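The structure appears below as C-alpha cells.
We use all heavy atoms of the structure for the numbers below, so side chains are in, but hydrogens, waters and symmetry mates are not. Owing to the predicted nature of the structure, the values given are computational and were not obtained by experimental measurement.
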Amino acid sequence: MAMDISELLEKQAALDATIAANHNVSYASTRSRRIMALIVEIGELANATRCFKYWSNKGPEPDEIVLDEYADGLHFFLSLGVDIKTSKTSYNKTKHHDNLTDQFHEVYHRIDQFYKKQDDKSYIKAFQSFLNLLPLLGYKWNDLKKAYYKKLGVNYVRQETNY
C-alpha cells in the first residue's frame with residue numbers, strides 16, 4: 001500500500017504558515033533548527049521504543065506515546081519537505097534493517113546526508129528511512145496518519161496559546 005503524503009504536506013504547509021506569522025520566521029531562517037529539531041525528535045522516538053537499552057528489561061512506552069513521538073518526527077520531515085519543495089509525494093514500504101536500532105542509525109545517517117546536501121534526493125532517502133521504521137514498530141501508515149492529525153490539533157492549540 002502506497003503512503004501518499006500529499007494531503008499531509010498541505011496540512012503541514014498551513015501549520016508552518018501559522019508558525020511563521022506568529023514568530024516572524026521563514027523556512028530559510030529556520031531550516032537548520034528544523035533539522036536539529038528532527039534529530040531530537042528521532043532521539044525521543046528511539047528512547048520511547050527503548051530498542052537500544054540492552055541493560056534494561058523494561059519494555060517500550062505505550063503505543064500512544066510511541067506514535068506521538070513518531071508524529072513529532074513526521075511533522076518536521078513534512079515541514080522540511082514543503083521547504084525544499086520535494087518532488088515525491090508517494091512512498092512504498094522498502095527494504096529495511098532487521099532491527100530498530102540499526103534502522104535508527106540509518107535514519108540518522110540519512111538525515112546527516114540531507115543536512116549536508118539539502119536537496120530533494122537526499123530528503124527522499126532520509127524520509128524513506130524514517131517510514132521504514134513503521135513495520136519494525138508494528139504500525140501501519142494509517143496509525144501514523146492518525147497520530148499526525150492528533151498532534152496537528154495539539155500544535156494549532158499551542159500556537160493559539162503562545163506555547
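- Shown here for Pro60 and Arg50, the closest heavy-atom pair between the two residues is CA-CD, 4.1 Å.
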### Message
Could you walk me through whether Tyr27 and Ser79 satisfy the side-chain contact (heavy atoms from CB on, under 4.5 Å) test, starting with their C-alpha distance in whole Å, then the side-chain angles of each, then the deciding distance to 0.1 Å, before giving a yes or no?
### Response
CA-CA 9 Å; Tyr27 282 129; Ser79 180; 3.8 Å; yes

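- What you find for Leu131 and Trp141 is that their closest heavy atoms are CD2-CZ3, 3.8 Å.
- Using a 4.5 Å heavy-atom threshold, the side chains of Asp112 and His109 count as separate.
- Looking at Thr161, its side chain does come within 3.5 Å of a backbone N or O of Val157 through a donor-acceptor pair.
- Side-chain polar atoms of Gln128 and Asn132 form a donor-acceptor pair below 3.5 angstrom.
- In terms of heavy-atom proximity, Gln118 sits nearest to Ile35 at NE2-CD1, 4.2 Å.
- The CG atom of Leu15 sits 10.5 Å away from the CZ atom of Arg158 when rounded to the nearest 0.5 Å.
- Atom-to-atom distance recorded for Gln113:CD and Asp119:CG is 10.0 Å, nearest 0.5 angstrom.
- A continuous path of hydrophobic side-chain contacts links Tyr156 to Leu8 [ILVMFWY only; heavy atoms under 4.5 Å].
- Gln159 has its side chain within reach of His23: a pair of non-hydrogen atoms, C-beta onward, lies under 4.5 Å apart.
- In terms of heavy-atom proximity, Ile84 sits nearest to Asp120 at CD1-CA, 3.8 Å.
- Residue Lys53 qualifies as enclosed at atom NZ: its count of foreign heavy atoms under 6.0 Å is above 12.
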### Query
What's the verdict on side-chain contact (heavy atoms from CB on, under 4.5 Å) for Leu133 and Leu100, showing C-alpha distance, side-chain angles and the deciding distance?
CA-CA 7 Å; Leu133 289 166; Leu100 274 172; 3.9 Å; yes

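- Electrostatic pairing of Glu106 and Arg110 counts as a salt bridge here, judged by a charged N lying under 4.0 Å from a carboxylate O.
- Note that NZ of Lys145 and CD of Glu7 are 6.5 Å apart. Values are rounded to the nearest 0.5 Å.
- Every pair passing ring pair (Phe, Tyr, Trp, His ring centres under 6.0 Å) that includes a residue from residues 30-72 is listed here, sequence neighbours excluded: Tyr70-Phe130.
- Residues Asp143 and Lys140 share a closest heavy-atom pair of OD2-N, 2.8 Å.
- For the pair Lys121/Ile124, no side-chain contact is recorded, criterion being any heavy-atom separation below 4.5 Å from C-beta on.
- The closest side-chain heavy-atom distance from Ile39 to Tyr115 is not below 4.5 Å.
- Annotation: the span from Asn99 atom CG to Phe104 atom CZ amounts to 10.5 Å, rounded to 0.5 Å.
- Each of Glu41, Lys11, Gln12 was scored for a side-chain hydrogen bond (donor to acceptor under 3.5 Å, both in side chains) with His75, with one residue passing: Gln12.
- Applying the ring pair (Phe, Tyr, Trp, His ring centres under 6.0 Å) test to Phe76 and every residue at least two apart in sequence or in another chain returns nothing.
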### Task
Check the pair Asp102 / Asp98 against side-chain contact (heavy atoms from CB on, under 4.5 Å), numbers first and verdict last.
CA-CA 7 Å; Asp102 288 344; Asp98 293 332; over 6 Å; no

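- A ring-ring contact (aromatic ring centres under 6.0 Å, His included) with Tyr91 is found for exactly one of Tyr123, Phe77, Phe127, namely Phe127.
- At least one donor-acceptor pair closer than 3.5 Å links the side chain of Ser26 to the backbone N or O of Ser29.
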### Task
Report the C-alpha distance between Lys150 and Glu64 in whole Å, list the side-chain angles of each, state the deciding distance to 0.1 Å, and finish with yes or no for side-chain contact (heavy atoms from CB on, under 4.5 Å).
CA-CA 11 Å; Lys150 182 177 179 183; Glu64 183 177 340; 3.2 Å; yes

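- Under the 4.5 Å side-chain heavy-atom criterion for grouping Ile, Leu, Val, Met, Phe, Trp and Tyr, Leu45 is connected to Tyr149 within one hydrophobic cluster.
- Note: Thr49 OG1 to Leu136 CG = 10.0 Å, rounded to the nearest 0.5 Å.
- Residues Val82 and Leu9 come closest through the heavy atom pair CG2-O, 3.5 Å.
- The distance from atom CG of Asp63 to atom CG of Asp68, rounded to the nearest 0.5 Å, is 12.0 Å.
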